[in-house]
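Being a predicted model, the structure only gives us computed values, none of them experimental. Chain naming here is simple, since letters A, B, ... match the order of the sequence lines and numbering starts at 1 in each. Because only heavy atoms are used, hydrogens play no part in the values below, and waters and symmetry mates are left out as well, while side chains stay in.
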Amino acid sequence: MVPASYNYRNLIVRWKTTLMTACGFMLVVAALIIMLAFVNGVRTVCAESGQPENVITMKQGCSDEILSQMDKRMVSRIEATPGVLRGDDGWPLASRELFMAITQRNEETQQYVQIQARGMYPVALLVHTQVRITRGRMFRRNHREVVLGIGVAREHQIHVGDKLPMGQLEWDVVGIFEAGGSAFESEAWCDMDQLAGHFHREGVYSSVVLRTASPAAAQQAVEYLENNRAVAVDVLSETDYYEKQAQQTNVLRAGAIVVSVFMAIGAVFGVTNTMFAAIGERVKDIAVMRILGFRRSEILISFLLETLLIALIGGALGMLFGYAINGLTLSTALGGKSVAFAFKVDAPILAIAGVFTLVMGVIGGLLPAMSAMRVEPLEAMR
Amino acid sequence: MSEPIIFVDDLHKVYRTGSVLVRALRGIDFEMAAGEFVSLMGPSGSGKSTLLNLIAGLDKPTSGRVTIGGQVISDMDEATVARWRSAHVGFVFQFYHLIPVLTAYENVELPLLLFNMSAAQRRQQVLTVLELVSLSHRLTHRPGQLSGGEQQRVGIARALVTDPMLIVADEPTGDLDTHTSDEILDLMQAVHESLEKTILLVTHDPRAAGRAQRRVQMDSGRLSVETEALQIDNCKLQIEN
Amino acid sequence: MIIANCKLKIDPVLKFLNLFLKNLGRNKVRTTLTALAVIVLVVIYTFAATVTDTINRFFDSHSSQSRLMVREKWLIPSCFPIRYVPKIASVSGVEDWTVWHFYGVFFDDAGHAGAGIATRIDNLREMHPGLENLDPALIDAMKRERTGVLMGQRLMEQMNWRVGQRFSVNSFTHPGKNLQFKIVGVLGADAWSRNFFFRQDYYREGVGDMDDVNIVWLRVSDVETGKRVAADVEHLFQTSRAKLRAETESAGVSRVASRTKTVINIINFVVAILLIDMVIVLANSISMTVRERRVEMAILKILGFQPSFILVMVIGEAVAVGAGGGLLGAGLAYAFTWLNSAGQLPFRIDFLVEFPVPAKFILHGFVVGALVGFAGSVIPALGTRKVRVAEAFSDAG
Ligand SMILES: Nc1ncnc2c1ncn2[C@@H]1O[C@H](COP(=O)(O)OP(=O)(O)O)[C@@H](O)[C@H]1O
Ligand SMILES: [Mg+2]
């Protein structure tokens, strides 16, 4: 084997070129990680939002809560679905909810802020069990109070005790809740009757969420409602509902991969260039090694290794930069809603980045290494 | 004199560049005994390097055979001859051809990496030959930090380190001043005498050729005269006077 | 005399051109690889830039200051009773008005969807940016055909429909209220390619009690009138059940635009990375070239060439590769989306159909490539000033 020190010494001697080539790899890997971390972050929000025991029902044909409107009669029928758990008071664990996107103009900055409000009854906390009030307290019935998801609170810098304008009036922020990073964290929760009254939506519900004992029971409830002609609803397990929402990111993910592949092709051409130049400067070295008895295959491997070394330097730097985005929180539109999410770099993403790096290195190194392998020692020495 | 171990039979080499044919060797018959020190002289373009390369298994003859130690190396395929070469032939070049990024020690160690040896074994071997060429104090220097004479001594150490039976040197002093040339030639002579290596030395320089036991003259791809070393030395002395 | 003068001027330039063209051919592999890298990066750059450009153009085309959008004050989707409309329209200063009823539908079970808009047909052209040049004959045809629709280009292509065809839909905004339509014509404008327009009277007949209005558009003569009209409209409904908001179209659009902000930012980030990547690839290639030609440059200096000449030669080489690659890359991207939209490829990427690369991007690619070539070569080119005449005599190369 040609010693690896031969390769890395040469890389150090040509450090500017090495670094520039590695930078190409770094950019590809960093961009790939950041784009995938974005998609991953949004998908995580969706994955956290749904509980497999919960069943969400909306008016038939409405893919999104924001469009759905159901009346009292339909809602009562939904609540009568068999298999729905009952609370201590004997009432079904069925949460009637009114979801509204409220745009509010900040009169000072003239900027619009969108608040996503969800009106509900106390049973909601027994259905969305991932929700925890972490600061302050829950809103009270028949009071103009809201509890804010940590995502909205962070984005708009709102604290317990502040006032939140929604519609004509200001609402008291009495608590902050966390919900395992789910889409709920981007919402403001308040009393159903207060919200409906204020926006003239009395007797209108966007969704009813049913709590069952198990995912299997949830599935049964879904089937029951689907086959029930008396209620014209779209019904999904909560997990499926949010999974569908997550599919909106598929285009983004495909885009991320396509962009990365194109960038990778660019980087491959770059490293091929670099290695051809490197080999051009070192034909004499290659000739000597061949004369000393090194086989063609050993020369090939040596230069492939050198390319991979460049790739690894770039890939490692890229992962470092890419990883820096991990945890950064932003919010983005998802269907009719806007959700707060955190960029999420996880092991699969790093693995994809690693595979990208290696594949780019091998492809970029192959042609030059083959040309190195073909160096005819006597001709090179003449 | 001991048994011949190198047999060259009716060796022809024709180079083709485009439509032009260059007949570099036109029927060479030549033998070398084990432990013999032969110098090969001749004008530029007479085919010295070509012959040397064929003997060392670096190239294939157009016709004819090269047999060394009972093995027909002119018939071996490329990978086999490469391994055979690494074990049996040491090379010394005119322009040293050391690897610029490797230290003197690493340059000498390079051929040993082709063998199944422990790092300790390699280390001992490398230090021994570097001691032999009196470069023990230059282990960590890169070629660029060494003088021409020192570089050539590293080159000789690299040729010796695998303990080959044959050492071929193509104008090893061609790029050195007279004084340094003498040092290198002293070294080669010492190698020949104390290690009993078979040496084939290609040179332009009659003084260098004089160090050999036997000298061979080439002209236009043929061996012309074989003369005793002493006579040439005398001629040369006369010329210089 | 004049001719001789001209010759004197032209000659050195031609020689100079010749020299750097020869240089480009010197290391064909490197020139080709560098150009290929630029091409590939420019292709994807063009696609990314087209996406943001299309979105921005959409917002720009809706940036009128003399069109007012009247909507429910807080809620999305906006919705208010149709009986408000005459009151709004009669506010003084309103020159023309129209209403929008959204009607979202699936055309088939495969999930092909479209956004229907029921509106006034008589002033369709006047009230919708991008439809000013719609054939007036189509308006007349719509007036004759009660169930008529004007379909967006993309919807027609996607469903493979023809003018004159009838179809029925499955509405998701108005469950159970499924209308039947007859295609009267196709909308040429890009901005409306996923929409279809149909008659408000037909809509109201079909959906009955759900005939709430989503948006009312008003046209006013100037910005100042607009502000007053907006204030008047808002004031008029201050105490009514549903409160209204009136704002200029551009204000409304900027609110929508802010929702796409994160995705646009990520695309812009990618575009920036692509540009940096191109600069690096070119810089690397050029600095390798410079390194290999130091001796040659020393000789040029000995022959009396100015350092600035060598500088220009190096930069010129990079700019040529960059501009050439940029032109080809953008041209390829253009050709690709064109063939893709025209269905001339064995496959079809629906996403790209939405974002056709405009022809002006070919020039854009050329310029970006040239700039990238310049940016990538400045530092290596400045490095050539350090080349010493003595290097011509050293062996180092
Ligand atoms: N690879 C080659 N291709 C073509 N001609 C060659 C090649 N190698 C050597 N020659 C020619 O063969 C002849 C002998 O060359 P060489 O053995 O190098 O001579 P010497 O070493 O004696 O100077 C010369 O005419 C040379 O030009
Ligand atoms: Mg020779």
Side-chain angles (χ1 to χ4, degrees), chain A residues 14 16-17 20-21 23-24 27-28 30-31 34-35 38 59-63 66-67 100-105 110-112 114-115 166-168 199-201 232 251-252 254-256 258-259 261-263 265-270 272-274 276-278 280-281 330-333 336 338 341, chain C residues 27 29-30 32-41 43-45 47-48 51 73-78 104 106 170-176 241-243 245 247 251 254-255 258-263 265-267 269-270 273-274 276-278 280-281 283-285 287-289 291-292 351 397:
Chain A
R14 301 160 48 92
K16 274 189 206 156
T17 305
M20 274 197 266
T21 316
C23 269
L27 289 178
V28 178
I34 289 171
M35 290 187 289
F38 167 67
K59 184 167 184 178
Q60 196 160 50
C62 296
S63 53
I66 205 158
L67 297 173
M100 290 198 291
I102 302 165
T103 53
Q104 205 73 34
R105 184 161 53 187
Q110 290 296 308
Q111 294 278 317
Y112 284 95
Q114 186 180 349
I115 299 292
M166 284 199 302
Q168 296 285 70
F199 291 97
H200 310 293
R201 286 285 195 279
V251 170
L252 284 174
V258 169
V259 168
V261 165
F262 271 73
M263 287 184 74
I265 296 173
V268 163
F269 286 135
T272 306
N273 241 341
T274 302
F276 269 129
E281 284 175 13
L330 287 178
S331 70
T332 186
S338 111
F341 68 96
Chain C
N27 195 329
V29 174
R30 177 173 311 149
T32 312
L33 285 172
T34 311
L36 278 176
V38 173
I39 290 172
V40 169
L41 292 174
V43 165
I44 200 72
Y45 164 86
F47 286 146
V51 171
K73 190 157 192 178
W74 291 295
L75 298 181
I76 294 175
S78 148
F106 290 116
N170 196 357
S171 172
F172 56 82
T173 48
H174 300 69
R241 204 173 126 86
K243 320 254 175 322
R245 163 140 38 232
E247 60 197 352
S254 70
R255 182 164 36 77
S258 72
R259 278 173 57 77
T260 59
K261 197 179 60 192
T262 302
V263 172
N265 282 345
I266 288 192
I267 297 177
F269 161 82
V270 167
I273 292 230
L274 285 169
I276 298 172
D277 204 8
M278 283 187 247
I280 289 177
V281 167
N284 192 22
S285 164
S287 52
M288 289 188 293
T289 302
R291 214 160 61 151
E292 283 167 17
F351 176 76

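Interface check for chain C: of the options A/Gly266, A/Gly270, A/Ala101, the most heavy-atom pairs under 4.5 Å are formed by A/Ala101. Chain C forms more heavy-atom pairs under 4.5 Å with one residue of A/Asn273, A/Thr332, A/Thr17 than with any other, namely A/Asn273. Here A/Ile34 is the residue among A/Ile115, A/Val28, A/Ile34, A/Val268 with the most heavy-atom pairs under 4.5 Å with chain C.
Interface remark: C/Lys243 contributes side-chain atoms only to the contact with chain A (heavy atom separation under 4.5 Å). Of the atoms belonging to C/Leu41, it is side-chain heavy atoms, and not backbone ones, that fall under 4.5 Å from chain A. Using a 4.5 Å cut-off between heavy atoms, C/Val40 touches chain A through backbone and side chain atoms alike. Only the side chain of C/Ile266 comes within contact range of chain A, with at least one heavy atom under 4.5 Å from a heavy atom of that chain. At a 4.5 Å heavy-atom cutoff, the contact between A/Val251 and chain C is made by side-chain atoms alone. Looking at C/Ile276, both its backbone and its side chain come within 4.5 Å of chain A, counting heavy atoms on both sides. When heavy atoms are compared at a cutoff of 4.5 Å, A/Gln168 approaches chain C by way of both its backbone and its side chain. Interface remark: C/Thr32 contributes no atoms to any contact with chain A (heavy atom separation under 4.5 Å). For a residue to count as touching a neighbouring chain, one of its non-hydrogen atoms must lie under 4.5 Å from one of that chain's; by this rule A/Leu27 touches chain C with backbone and side chain alike. Both the backbone and the side chain of A/Phe262 come within contact range of chain C, with heavy atoms under 4.5 Å apart.
With sequence neighbours excluded, the residues forming a salt bridge (Lys or Arg N to Asp or Glu O under 4.0 Å) with C/Glu247 are C/Arg255, listed by chain and number. For A/Leu252, the side chain to side chain contact (heavy atoms under 4.5 Å, CB included) partners are A/Phe38, A/Val39, C/Val263, not counting sequence neighbours.
Between A/Val258 and C/Phe47 there is no side-chain heavy-atom pair separated by less than 4.5 Å. Counting only heavy atoms from C-beta outward, the side chains of A/Lys16 and C/Ser287 never approach each other to under 4.5 Å.
Of all non-hydrogen atoms in C/Leu274 and A/Met263, the two that sit nearest each other are CD2-CG, 3.3 Å.
For the atom pair A/Thr274 OG1 and C/Arg30 CZ, the distance stands at 8.5 Å (nearest 0.5 Å).
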